[in-house]
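Take a look at the structure set out below.
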Protein chains: 2
Amino acid sequence: MRHEYATKPREQIAAILATERRYLSAAEIFERLEKAEAGVSLSTVYRTLERLREKGVATSRLDERGEATYLACEPSHHHHAICRVCGGVEDVPCEAIERFARSLHDERGFMLDGHTIEFFGRCKSCG
Amino acid sequence: MRHEYATKPREQIAAILATERRYLSAAEIFERLEKAEAGVSLSTVYRTLERLREKGVATSRLDERGEATYLACEPSHHHHAICRVCGGVEDVPCEAIERFARSLHDERGFMLDGHTIEFFGRCKSCG
DNA sequence: GCTATATTTGCGAACGGTTCTCAAAATCAT
DNA sequence: ATGATTTTGAGAACCGTTCGCAAATATAGC
């Protein structure tokens, strides 16, 4: 029989993620737990973040330096506008992409100054 | 006086990059150099790739596992369509983004099945 | 509540990619 | 060739992440 144990470390990590509207690294989360003297290990932080991602309640992305960062995130398909100053994340619905720069600024006040776009799939010769 | 020395390792690395239309990791380039018994060190591969990127003749991106990969690349602003099977890269001009899925398939035969889009800038409160 | 069983945890070691250090080798100007 | 300067190779160091395992914890059944 397969069980899921509800543990204090998991609750604490999920809580930190839930109250933060920016991508956090495992190290950042670990720091906060240390400050709160939670006695949670870094390994557990990594394991729990990965678990949250698998469950679909968090997304992850690699920052510029290749460090994995996590954000509590609804599973619906959308994209992110990330502030270069505060790191804050705003959701950008997929349909908005066509009008992206103008709408981001006009509708949300987000001053776009860069973006990363990559498409994946199969090229003509790989069918 | 500041000089730039033209060396064999640099030529060889640039040559590998120039003939390959896919993102290559430092390790992959190093392997090829080993096969050719070029006697070039991994450190030099890293240093040279970074140098090519700074000079603007190559771009880099992190793959899913966070490994840095490099591609010889014109400096003009555009995006990439990466084949999931062969790794081949096709340039996607920036203006095409609005019509991306249809045009990619109709015009290039690239069957889109995923994409990564991130916007950067300053949010309303960070001005 | 207690016990048995399965899951989770913390610790520390291992890992893999990248960067650094530094003496030896290569490049270029003269 | 010679000397000043840059680049290189080898290996150590680094850093984020993963792994292995014994101890601790959570749950189910009594």
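These numbers come from the heavy atoms of this one structure, side chains and all, not from hydrogens, waters or symmetry mates.
Straight-line distance from the CZ atom of B:F30 to the C1' atom of D:dA10: 11 Å, rounded to whole Å. Atom CG of B:L24 and atom P of C:dT18 are 13 Å apart (whole Å). With rounding to whole Å, A:L62 atom CG is found 11 Å from D:dG16 atom C1'. Distance, B:R51 CZ to C:dT19 P: 16 Å, rounded to whole Å. The distance from atom CD1 of A:I13 to atom P of C:dT8 is 13 Å, rounded to the nearest whole Å. Between the P atom of C:dT18 and the CD1 atom of B:I29 lies a distance of 11 Å, rounded to the nearest Å. Distance A:E67 CD to D:dT18 P: 12 Å, rounded to the nearest Å. A:L49 places its CG atom 15 Å from the P atom of C:dT8, with the value rounded to the nearest Å.
For D:dT6, its base never sits under 3.5 Å from the side chain of B:Y5 at any donor and acceptor pair. Judged by distance alone, with hydrogens and angles left aside, B:S25 brings no side-chain donor or acceptor close enough to the base of C:dG17 to form a pair under 3.5 Å.
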*Kindly indicate, with the supporting measurements, whether the criterion side chain to side chain donor-acceptor pair (under 3.5 Å) is fulfilled by B:R47 and B:T44.*
CA-CA 5 Å; B:R47 284 185 290 230; B:T44 295; 3.3 Å; yes
*Report the C-alpha separation of A:E20 and A:R32 in whole Å, then their side-chain angles, then the decisive distance to 0.1 Å, and conclude whether the salt bridge (Lys or Arg N to Asp or Glu O under 4.0 Å) test is met.*
CA-CA 12 Å; A:E20 194 69 47; A:R32 300 194 190 192; 2.9 Å; yes
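Within 4.0 Å of B:A27, counting heavy atoms only, lies no atom of the nucleic acid at all. Residue contacts shown for A:G66 are absent, as no nucleic acid heavy atom lies under 4.0 Å away. Nucleic acid contact class of B:A6 (heavy atoms, under 4.0 Å, all strands): sugar-phosphate only.
Note that the OG atom of A:S25 and the OH atom of A:Y46 stand 7.5 Å from one another [nearest 0.5 Å].
Distance alone, capped at 3.5 Å, is enough to place a donor-acceptor pair between the B:T69 side chain and the B:R61 backbone.
Under a hydrophobic-cluster definition in which Ile, Leu, Val, Met, Phe, Trp and Tyr are linked whenever side-chain heavy atoms come within less than 4.5 Å, directly or via other members, A:Y23 and A:L52 are assigned to different clusters.
OP1 or OP2 of D:dG9 has at least one side-chain nitrogen or oxygen of B:T44 nearer than 4.0 Å. One finds no side-chain N or O of A:R47 lying less than 4.0 angstrom from the OP1 or OP2 phosphate oxygen of C:dT8. Distances shorter than 4.0 Å separate none of the side-chain N or O atoms of A:S43 from OP1 or OP2 on D:dT18.
The A:H3 side chain lies nearest to D:dT27 when the options are C:dC28, D:dT17, D:dT27. Here the nucleotide nearest the side chain of B:R10, chosen from C:dT18, D:dT7, D:dG9, is D:dT7.
Along DNA chain C, the nucleotide nearest B:Y70 and the nucleotide nearest B:P9 are compared for position; the residue whose nucleotide lies closer to the 5' end is B:Y70.
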